Amino acid sequence: MKKNRSLLNILSQTIALPFIAIALILLLQSLSNYGEKNQQITKDNVVEIIEKYAIQCYASEGSYPPDLAYLVDHYGLILNEERFIYDYDIFASNVMPDIQVYDNFR
């Protein structure tokens with residue numbers, strides 16, 4: 001009777017182990033995908049925030065800011081230059097600037 005129980009325990013553990021390993025792999029993969037998606041959302045949010053500051057400047061002064069430093073100095077925008085690289089391309093003072101945010105892989 002004891003041999004049957006120990007054999008049953010070994011068999012159940014042997015069968016369960018691959019399922020546990022597969023579940024763990026799937027969990028790690030989904031966490032990795034979440035991190036990538038979350039980072040993209042963060043960059044999109046940063047662009048949206050900068051655009052709101054630029055629009056506020058346009059509404060107050062009648063022109064878009066010449067650069068991001070202007071928003072930092074006059075409107076209190078805070079940039080995380082250790083995490084992101086910012087590309088602020090302005091065509092004319094009355095045209096919404098093109099704003100891009102990239103990861104900073106230093």
Side-chain angles (χ1 to χ4, degrees):
M1 189 84 157
K2 266 189 168 179
K3 282 188 177 184
N4 285 341
R5 284 188 182 174
S6 64
L7 182 61
L8 186 61
N9 284 341
I10 291 171
L11 281 175
S12 64
Q13 289 174 357
T14 305
I15 292 171
L17 191 59
F19 289 110
I20 293 171
I22 290 170
L24 184 60
I25 290 169
L26 291 174
L27 175 68
L28 292 174
Q29 186 178 19
S30 67
L31 287 175
S32 174
N33 291 340
Y34 174 77
E36 291 171 7
K37 185 177 179 181
N38 189 32
Q39 191 168 12
Q40 181 61 38
I41 291 170
T42 302
K43 287 189 288 188
D44 292 343
N45 288 346
V46 171
V47 169
E48 189 176 315
I49 290 168
I50 295 171
E51 287 175 347
K52 286 181 181 181
Y53 274 85
I55 291 168
Q56 180 182 0
C57 177
Y58 185 79
S60 298
E61 301 180 19
S63 64
Y64 287 104
D67 53 30
L68 289 176
Y70 189 86
L71 291 176
V72 170
D73 294 340
H74 295 92
Y75 290 87
L77 176 65
I78 299 172
L79 301 174
N80 184 351
E81 294 181 3
E82 290 183 20
R83 181 168 179 199
F84 299 114
I85 296 172
Y86 303 93
D87 182 25
Y88 184 89
D89 187 27
I90 187 160
F91 173 73
S93 65
N94 63 341
V95 177
M96 179 69 169
D98 181 38
I99 302 166
Q100 300 291 322
V101 176
Y102 305 98
D103 290 316
N104 189 359
F105 295 110
R106 286 187 193 183

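Treat the numbers as computed from the prediction; the structure is a model and nothing was measured.
Within the 3.5 Å criterion, the main-chain N or O of K43 finds no donor-acceptor partner in the side chain of Y102. No donor-acceptor pair closer than 3.5 Å links the side chain of D67 to the backbone N or O of Y88.
Under the 4.5 Å side-chain criterion, counting only non-hydrogen atoms from C-beta, Y75 is not in contact with P65. Taking 4.5 Å as the limit, every side-chain heavy atom of L71 sits out of range of all side-chain heavy atoms of L79. Residues Y64 and N94 have side chains not in contact (no heavy-atom distance under 4.5 Å, counting atoms from C-beta outward). In this structure the side chain of V95 never reaches within 4.5 angstrom of the side chain of Y58, judged on heavy atoms. Contact annotation: the side chain of V46 approaches that of Y86 to within less than 4.5 Å [non-hydrogen atoms, C-beta and beyond].
Residue L77 comes nearest to I49 through the heavy atom pair CD1-CG2, 4.3 Å, listed as atom of the first residue, atom of the second, then distance. Residue N104 comes nearest to E81 through the heavy atom pair ND2-O, 2.9 Å, listed as atom of the first residue, atom of the second, then distance.
Each of I85 and L68 belongs to its own hydrophobic cluster when Ile, Leu, Val, Met, Phe, Trp and Tyr are linked at side-chain heavy-atom distances under 4.5 angstrom.
When the salt bridge (charged side-chain N to carboxylate O under 4.0 Å, His left out) test is applied to E48, the partners found at least two apart in sequence or on another chain are K52.
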